[in-house]
Amino acid sequence: MGVVLRNLQKVVPLRRARLRKDVDTLRHILGIQKFDLGVICVDNDRIQQINNTYRKKNVPTDVLSFPFYEDIRPGKLPCPHHRDELNLGDIFLGVEFVMKQCQEESLDLHGALTVVTAHGICHLLGYRHETEEDWTEMLQKENYILSEFNRLTGRHLEPLMKRCSQDR
């Protein structure tokens, strides 16, 4: 199974091959290679429209996740009964929003996109940050994922805690 990576925005130059490689590494760390995953890169207008439609928040954001399995418990992988259920869902990356954050905080765009993708995958796997307890559990998972990612790649990525705490 694989990753469908689409770039539907033209605002930010994007190296899709690098992002695809990073997403594949994240999938390996989580043991979810057998599941399909959609990653769709969009601009501020599109992510704001999606955020308003589904979350009633009329603002752009960095990442929105739409899980195939809505009732999955954090830390548990789905148990598909049919081959066409080998799908985790879709992640929309607000690439323009992330780029502006990177400019403000002097961060690498592609590293930040990998971090927000990890955050989005956590949502697809049942993690939430609606309560302090949920937030702590999700942050622990993100820390684990990114520490393994860093070990495998030699990079130095960390969760973007400020971003997540604003979204709660």
Side-chain angles (χ1 to χ4, degrees), residues 1-9 14 16-42 46-57 60-95 97-98 110 112-153 155 157 159-161 163-165 167-168:
M1 295 292 147
V3 174
V4 175
L5 178 58
R6 297 199 56 204
N7 184 16
L8 302 180
Q9 58 85 42
L14 193 61
R16 289 189 328 170
R18 180 172 169 188
L19 182 57
R20 178 179 300 283
K21 183 177 178 185
D22 287 354
V23 172
D24 284 339
T25 302
L26 295 172
R27 292 171 70 228
H28 170 76
I29 291 165
L30 291 163
I32 57 172
Q33 303 95 314
K34 71 178 181 179
F35 291 94
D36 287 334
L37 171 67
V39 179
I40 302 100
C41 300
V42 296
R46 185 72 175 126
I47 199 95
Q48 180 171 339
Q49 178 187 28
I50 297 166
N51 202 16
N52 189 37
T53 299
Y54 292 97
R55 298 179 64 226
K56 305 300 181 224
K57 294 186 178 191
T61 189
D62 53 0
V63 60
L64 293 171
S65 299
F66 296 91
F68 186 82
Y69 297 92
E70 293 187 14
D71 58 350
I72 190 171
R73 289 187 18 234
K76 304 291 181 191
L77 289 181
C79 297
H81 300 294
H82 303 284
R83 193 167 171 271
D84 62 347
E85 294 176 353
L86 286 169
N87 187 345
L88 285 182
D90 296 316
I91 299 168
F92 286 80
L93 298 178
V95 177
F97 186 90
V98 173
H110 284 83
L113 288 173
T114 300
V115 171
V116 296
T117 300
H119 183 82
I121 292 172
C122 284
H123 279 303
L124 297 182
L125 293 173
Y127 290 89
R128 302 286 176 260
H129 43 80
E130 295 164 3
T131 68
E132 201 63 37
E133 186 178 320
D134 291 346
W135 166 240
T136 300
E137 183 179 28
M138 187 167 187
L139 184 57
Q140 287 174 344
K141 188 64 171 183
E142 284 187 40
N143 277 320
Y144 165 75
I145 294 166
L146 294 175
S147 68
E148 283 299 299
F149 183 90
N150 293 338
R151 184 181 66 77
L152 293 169
T153 64
R155 307 222 336 248
L157 304 181
L160 300 174
M161 293 182 285
R163 167 190 48 79
C164 297
S165 61
D167 193 36
R168 280 195 270 163

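Source: prediction; values computed, not measured. Residue numbers count from 1 along this sequence.
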Nearest heavy-atom approach of Leu124 to Asp90 is CD2-O, 3.9 Å
Checking Asp36 side chain against Gly2 main chain: does a donor-acceptor pair fall under 3.5 Å?
yes
Is there a donor-acceptor pair under 3.5 Å between the side chain of Arg128 and the backbone N or O of His123?
yes
Are the side chain of Tyr69 and the backbone N or O of Glu85 linked by a donor-acceptor pair below 3.5 Å?
yes
Full working for side-chain contact (heavy atoms from CB on, under 4.5 Å) between Leu93 and Val98
CA-CA 8 Å; Leu93 298 178; Val98 173; 6.0 Å; no
Looking only at heavy atoms, which two atoms of Pro78 and Pro80 are closest? And how far apart?
O-CD, 3.2 Å
Between CG on residue Leu146 and CG on residue Leu26, distance to nearest 0.5 Å
7.5 Å
What is the distance from atom SG of Cys122 to atom CE of Met138, rounded to the nearest 0.5 Å?
5.0 Å
Can you list the steps and then say if Asp134 with Thr131 is a side-chain contact (heavy atoms from CB on, under 4.5 Å)?
CA-CA 5 Å; Asp134 291 346; Thr131 68; 3.2 Å; yes
Using the rule given for side-chain contact (heavy atoms from CB on, under 4.5 Å), can you reason through Arg6 versus Cys41, listing the C-alpha separation, both sets of side-chain angles and the distance that settles it, and then say yes or no?
CA-CA 6 Å; Arg6 297 199 56 204; Cys41 300; over 6 Å; no
How long is the straight-line distance from CG of Leu77 back to CD1 of Ile72, given to the nearest 0.5 Å?
6.5 Å
Any donor-acceptor pair under 3.5 Å from Asn143 side chain to Leu139 backbone:
yes
Verify, without hydrogens or angle tests, whether Arg20 (side chain) and Val3 (backbone) share a donor-acceptor contact under 3.5 angstrom.
yes
Tell me yes or no: between the side chains of Asn150 and Glu148, is some donor less than 3.5 Å from an acceptor?
no
Rounded distance (nearest 0.5 Å) linking atom CD1 of Ile29 with atom OH of Tyr144:
7.0 Å
Does the ring centre of Phe35 sit less than 6.0 Å away from the ring centre of Phe68?
no
Inter-residue atom distance Arg18.CZ - Leu113.CG, 0.5 Å rounding
9.0 Å
Taking it one step at a time, do Thr117 and Val63 satisfy side-chain contact (heavy atoms from CB on, under 4.5 Å)?
CA-CA 7 Å; Thr117 300; Val63 60; over 6 Å; no
Check ion pair Arg27-Asp24 (N to O, under 4.0 angstrom)
yes
Determine yes or no for a side-chain-to-main-chain donor-acceptor pair under 3.5 angstrom, with Tyr127 supplying the side chain and Gly75 the backbone.
yes
